[in-house]
Protein chains: 2
Amino acid sequence: MADNITPNIQDYLKTIYGLTSNGEEASTTALAARLGIAPASVTGMLQKLASLTPPLVIYRKHQGAALTPEGEKAALEVIRRHRLLEAWLVESLGYSWDAVHEEACKLEHVISEEFETRIAAALGHPVRDPHGDPIPSADLVMPSTNDIPLTSLREGEKAVVRRVGCKDAPLLRHLEGLGLVPGAGVTALAHSPFDGNLTLQVAGRPPAVVGPAICSQIFIERL
Amino acid sequence: MADNITPNIQDYLKTIYGLTSNGEEASTTALAARLGIAPASVTGMLQKLASLTPPLVIYRKHQGAALTPEGEKAALEVIRRHRLLEAWLVESLGYSWDAVHEEACKLEHVISEEFETRIAAALGHPVRDPHGDPIPSADLVMPSTNDIPLTSLREGEKAVVRRVGCKDAPLLRHLEGLGLVPGAGVTALAHSPFDGNLTLQVAGRPPAVVGPAICSQIFIERL
DNA sequence: AAAATAATTTAGGCATACCTAAATTATTAT
DNA sequence: ATAATAATTTAGGTATGCCTAAATTATTTT
């Protein structure tokens, strides 16, 4: 029935999940932007995904798309594979965290269930990937987190970096240089309410001033 | 120029290489049979491969196909990746040798050069895959071998199994059960000229009678 | 409310890569 | 040499998934 889920469809489902789970609308335009294709192409695909049996998305003209339970299941399966692959590329092959996303994007569509099972076991069934993104369990439940944006940290408050929500390789390398990686302890030394700049003390490093463009990509847990 | 080499084209090139390097003709029918598609589809693709710039195959109507230097290079690249992947699935993820072919067939089309480099290094730049197939070097030279068919072994002769030239999972499991895997020492106890059966002593095992259908798939080096 | 702008959809096309059926070419047997 | 068979090619068609241009719908501004 629902085994006609092509790599392309997987990418759509993953992207819809990424938008809606983030509170954003999975609109034609937003999907087109994230997928790097024309809006018209998205319209065509959403119509198709909604007319499959079972439907993978709920779609009404000019109203954007939402995943059906079947669509969400398929999305979580791909997301699980992607994040396990990222973790495993780092742990097992020594990849740097800025290079794993691209590789995982291709591998996620071709690995077998056995492959998934083996790397999950080899990694000890991790709950987060190298960027701190939660990894859905084998029965496709997304772990809940208490991550809050670094932008909400104020003078004197201490926290631990939990997640870095960006895929851009140069930015990831920059963050690594600052020590702003999952697990790092940070203290807010100062906060400028005008430009949103945060002066951060990353454990074991000199203080650094970080702008809101970066802070909004970093998620923490307060201590 | 020649970066429009799709996964499909890679499969054609790999298959043509497999036939011609084996002394067989890369005929339309043979390719169709190996690729599991209709002969007419092969004709269309061969015409296309021959008309690319640079051409990947030499093709003349009713004459089958042969790889150009560019085509052979692309074929060796895919074969290298396939065999490295097989080795690495066994070594690093604990796959059994009968399961790796299928997985490698999908992965070979998507891994990056970095991935290839990393697994080659992690494996110590192996020269054979788990079935004993030679792995082309990083500069795409196929290692030469002295492998001869097990069918040529005669009473009293000793040899080492070097290669098992079949992909069929049930047969591979059967051979593993007999100990007929690369590296195994064998002695021919008897040979029947009528049915081609060979009675083999595999080191550390009871003697076994093996028919020509199996023997022709196994390649050895005489001691 | 009307006009302007933004978002979305429809329509018509293209490329890849497969298919079947019919036509052609090559090979083998009589 | 002719007929039968086998191999191959041509022709026309399908499905996926993208594109652009034009049309439509929704939203915002005046």
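In this text the structure is predicted, and so the values were computed from the model without any measurement. Each chain gets a letter, A, B and so on, in the order the sequences are listed, and its residues count up from 1.
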> Can a donor-acceptor pair be found between the side chains of B/His109 and B/Asp11 at a distance below 3.5 Å?
Replying inline: yes
> Counting just side-chain N and O atoms, does A/Thr28 come under 4.0 Å of either OP1 or OP2 of C/dT9?
Replying inline: yes
Pairs under 3.5 angstrom, nitrogen or oxygen only, protein versus nucleotides 22-27 of chain C, please.
none

> A/Gln47 CD to D/dT16 C1': how many Å, rounded?
Replying inline: 15 Å
> Would you call A/Lys14 and A/Glu108 a salt bridge, taking side-chain N to carboxylate O under 4.0 Å as the test?
Replying inline: yes
> Can A/Asp133 and A/Arg163 be counted as an ion pair, charged N to O under 4.0 angstrom?
Replying inline: yes
> Can you tell me if B/His101 and B/His131 form a side-chain donor-acceptor pair at under 3.5 Å?
Replying inline: no
Could you list, one pair per line, each protein nitrogen or oxygen that sits under 3.5 Å from a nitrogen or oxygen of nucleotides 12-19 of chain C, together with the distance?
unit_1, atom_1, unit_2, atom_2, d
C/dA17, OP1, B/Thr6, OG1, 2.5
C/dA17, OP2, B/Lys48, NZ, 2.8
C/dC18, OP1, B/Asn8, OD1, 2.6
C/dC18, OP2, B/Tyr12, OH, 3.3
C/dC19, OP1, B/Ala38, N, 3.4
C/dC19, OP2, B/Ala38, N, 3.0
C/dC19, OP2, B/Ser41, OG, 2.5

>> Looking at C/dT10, I'd like to know if its phosphate oxygens (OP1 or OP2) sit under 4.0 Å from a side-chain N or O belonging to A/Thr43.
In response: no
>> What is the distance, to the nearest angstrom, from the CD atom on A/Glu25 to the P atom on D/dA26?
In response: 15 Å
> Take atom NZ in B/Lys73; do more than 12 heavy atoms of anything else shown fall under 6.0 Å from it?
Replying inline: no
>> Check A/Arg34 with A/Glu24, please: is the shortest side-chain N to carboxylate O separation under 4.0 Å?
In response: yes
>> For the residue pair A/Asp139 / A/Ser137, report whether a side-chain donor-acceptor contact shorter than 3.5 Å exists.
In response: yes
> Whole Å only: how far is the CG atom of A/Leu46 from the C1' atom of C/dA7?
Replying inline: 14 Å
> Do side-chain atoms of B/Tyr95 reach the backbone of B/Trp88 as a donor and acceptor pair under 3.5 angstrom?
Replying inline: no
